[in-house]
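Worksheet for the structure shown next.
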Protein chains: 2
Amino acid sequence: MLDRTSPVSIKIVAERAGVSTATVSNVLNGKTSVSPVFAERVRRAVDDLGYVTDSSASRLRSGRHSLAGVVVPNLTNPMFSAFVSTLECVARQDGFDLLVVSCDNEAEQEAERLRSIRSWRPAGLIVIPCDGALSARLPKGGHPRIVVADRIPDDAGFDLVAVENALAAGAMASHLAAQGYRTCLVAGSTLEISNVRERWDGVAAVAPESVHMVECGLDPAGIHRRLRDRLRQGPRPDALFTLDHVTTLIAYQLLAELEISIPDDMGFASFDDTEWMRLVTPPVTAVRQPVEDMAHAAWAQLMRRMAGGDGAPEHLRLSCAIEIRGSTLRPKREPKNAAA
Amino acid sequence: MLDRTSPVSIKIVAERAGVSTATVSNVLNGKTSVSPVFAERVRRAVDDLGYVTDSSASRLRSGRHSLAGVVVPNLTNPMFSAFVSTLECVARQDGFDLLVVSCDNEAEQEAERLRSIRSWRPAGLIVIPCDGALSARLPKGGHPRIVVADRIPDDAGFDLVAVENALAAGAMASHLAAQGYRTCLVAGSTLEISNVRERWDGVAAVAPESVHMVECGLDPAGIHRRLRDRLRQGPRPDALFTLDHVTTLIAYQLLAELEISIPDDMGFASFDDTEWMRLVTPPVTAVRQPVEDMAHAAWAQLMRRMAGGDGAPEHLRLSCAIEIRGSTLRPKREPKNAAA
DNA sequence: TTGAAAGCGCTAACAT
DNA sequence: ATGTTAGCGCTTTCAA
């Protein structure tokens, strides 16, 4: 696109103020001291003309950036949009603008998007990678500063901020067991995604025999079909534990379709807590991830690196809370009284 | 932030390929014809070094931008995040990256964010303004190309893409009336926001006497309090129609708190359709806004302007669908049989 | 304290 | 077909 209405440059400001461009720059950046008279003249001119420094040109010359990039699998997932939202807020406080990019959960798109984002020479990147093979999508020699969040890449060489998936999933499994659910079906998109893998491992570690996993994929129609088939065939599990937001959403609707009532016919729990889970009846028991904390921590780590922090990669794991709600409060099997 | 690991420049590529920088540029931009041998050598060097053109420097010299900005009141609102998500997707298809900024629904923040986004000299801006006074927050002389979406600014001089608020709200009012709801309370954040104003006008035009409006503000605690007070005092309305997502969410929870059951005690309808409204029991009747279409249209309009389109401001209004669900299906007042 | 001039990475004229 | 050079808007020496 051609720029037709060329905005005011520092040169115009300098002319109007009757000083050199260097002086304007000095006033705006407060590096060298400038006489009050000149400073005032410059500020006037800046105000009158509505001048704003061209950040690209500034970076080009000074090497100082004020742009960061964030790459997420998807922006419609409330978990990711909350992440970006928080990030945008804290980045701004540190004087950074944010280039936001999503990749539709596709590795190829991610690679292309990473490339295009690199063309802006951002000071750093925060990435929620769509799969483990992130490093393959970066230039071999010296990529930009990156902090990885949420999903764990195969390459341990990145700074990382994620949650205690296994711990939280295990705790949920224990809760289900304590409620008397003996058989539990665990459903998630795919074990290729580290989160899902870790969560499944966490469940399996706690309850090694009475649980089964079904991988439903990423595509809504496929999830629905696979899960439905699984629930129809074979013995019905006591409880269903879904490991990611999309699967949860579809599973919840599916149970209604199949007229399986919660929690009487089946217990229902989710990894990832969203608004609607508190609104439905009964409300849904869920693992609540500290998304905002994750964004804060990721940004803080990136800032540390940008400030020159040079140590080994840091791996941070945040712990999750479990919100126990009606969907896993099992009615007692042997009704002695109505007291249950 | 200082850039320490300086990425490869076109100069390095040129050296490696044994050609001039101009030739590298020509190969990459395909302007002038380059001999196959040289072209191949250049491409090799580019691949080996993982070179990506510096977009800022390129723009600086050529005047061609590939950056656009989007300003929204908030990213956690699913309506806005869907808007940004769609925008990001279509912009990418046209080769643009997106600078995303939210302003927390505050005019002051919006002004500051507009300023900082301008420093990147984007090819254009898409803005969902937080109130009507958008023009006051732009530089007097010649602001960047802007397309306004969703909320209507006081100044009619902008390109605009929004929805038929009054029409849709009126249709919902008719639906409520047809269902036999005689008195209706309408709740929204504030009439300062054009959407809320237009929606209320739409309702009032259809049902001039049996409806009342309550402005609840933008702050969750305040919304809860005002709405609760309003529902407790005076006669209880037959139906509640909420005009924006936040109000809807709080109102829905409030009804549960007050043990007002839907739709028996009160009908409930929302402007703005979100996922959970289909999941709760009964599902919530809602006006569904074509958010994705809005994003598409806004981007298309911006592209037209960027391509040099010069006519008068265009105002586009998209129509909404009404999703009638259980929350407004009133049980008949005079039960003849159980058939109702 | 101020300004002149160089140069960041790139592309568009222009020269060869 | 290729290279040389100038200059986009800015900041940073460095000289005055």
Side-chain angles (χ1 to χ4, degrees), chain A residues 1-42 45-46 49-67 118-123 144, chain B residues 1-43 45-46 49-67 118-123:
Chain A
M1 293 302 125
L2 226 65
D3 183 16
R4 304 168 335 116
T5 61
S6 73
V8 289
S9 70
I10 198 173
K11 213 165 160 184
I12 312 281
V13 176
E15 270 169 25
R16 172 139 184 161
V19 299
S20 73
T21 60
T23 301
V24 176
S25 174
N26 282 330
V27 171
L28 264 45
N29 300 312
K31 293 283 174 190
T32 319
S33 60
V34 179
S35 76
V37 189
F38 275 36
E40 186 48 31
R41 285 230 299 267
V42 168
V46 167
L49 297 166
Y51 172 71
V52 191
T53 303
D54 184 321
S55 301
S56 323
S58 170
R59 187 224 74 200
L60 200 57
R61 178 63 237 252
S62 72
R64 271 183 297 269
H65 304 222
S66 56
L67 184 71
R118 271 208 310 135
S119 82
W120 297 103
R121 307 288 188 264
Chain B
M1 294 301 125
L2 227 61
D3 182 16
R4 302 164 341 113
T5 62
S6 74
V8 288
S9 70
I10 198 173
K11 213 166 161 182
I12 313 282
V13 177
E15 270 169 26
R16 172 140 185 161
V19 298
S20 74
T21 60
T23 300
V24 176
S25 175
N26 282 330
V27 171
L28 265 45
N29 300 312
K31 293 283 175 190
T32 319
S33 59
V34 180
S35 78
V37 190
F38 274 36
E40 186 47 33
R41 285 230 302 267
V42 168
R43 264 188 286 272
V46 167
L49 298 166
Y51 171 72
V52 192
T53 303
D54 184 321
S55 300
S56 321
S58 172
R59 187 223 76 199
L60 201 57
R61 177 64 240 244
S62 72
R64 270 183 298 269
H65 305 224
S66 57
L67 184 70
R118 271 208 311 136
S119 82
W120 298 103
R121 307 288 188 264

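Here is how names work: the chains are called A, B, and so on, in the same order as the sequence lines, proteins then strands, and each is numbered from 1.
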Taking Watson-Crick and G-U wobble contacts under 3.5 angstrom, with | marking pairs to another strand and [ ] crossing pairs, the secondary structure of DNA chain C is written ||||||||||||||||
With sequence neighbours excluded, what pairs up with B:S119 under the side-chain hydrogen bond (donor to acceptor under 3.5 Å, both in side chains) test?
A:S55
Along DNA chain D, first and last positions that approach a heavy atom of chain B under 4.0 Å
D:dA1 to D:dC10
Residues at least two apart in sequence or cross-chain that pass side chain to side chain contact (heavy atoms under 4.5 Å, CB included) with B:R43, listed by chain then number, are B:V27, B:A39, B:E40
Smallest heavy-atom separation, A:R118 atom then B:G50 atom, equals NH2-O, 2.9 Å
Establish, with yes or no, whether the OP1 or OP2 oxygen of C:dA4 is under 4.0 angstrom from a side-chain nitrogen or oxygen of A:S20.
no
Residues from residues 33-42 of chain B sitting under 4.0 Å of DNA chain C, heavy atoms only?
none
Does any part of the side chain of B:T53, heavy atoms only, come nearer than 4.5 Å to the side chain of B:I10, both counted from C-beta?
no
Readout for nucleotides 7-16 of chain C: B = base within 4.0 Å of protein heavy atom, S = sugar-phosphate only, - = neither; 5' to 3' it is BBBBBB----
Return each pair, listed once, that meets salt bridge (charged side-chain N to carboxylate O under 4.0 Å, His left out) where at least one residue sits in residues 18-28 of chain A; pairs must be two or more places apart or across chains.
none
Which atom of B:R59 lies closest to which atom of A:S56, heavy atoms considered:
NH1-OG, 3.5 Å
A:E15: what forms a side chain to side chain contact (heavy atoms under 4.5 Å, CB included) with it, not counting sequence neighbours?
none
For B:L60, check side chain to side chain contact (heavy atoms under 4.5 Å, CB included) against everything at least two apart and list the hits.
A:D54, A:A57, A:L60
Is a donor on one side and an acceptor on the other found under 3.5 Å between the side chain of A:R41 and the backbone of A:A17?
yes
Return the set of residues passing side chain to side chain contact (heavy atoms under 4.5 Å, CB included) with B:T32 (not counting sequence neighbours), or none when no residue passes.
B:N26
Please name all residues satisfying side-chain hydrogen bond (donor to acceptor under 3.5 Å, both in side chains) with A:S20, sequence neighbours left out, ordered by chain then number.
A:T23
B:R16 meets the salt bridge (Lys or Arg N to Asp or Glu O under 4.0 Å) criterion, sequence neighbours left out, with B:D48
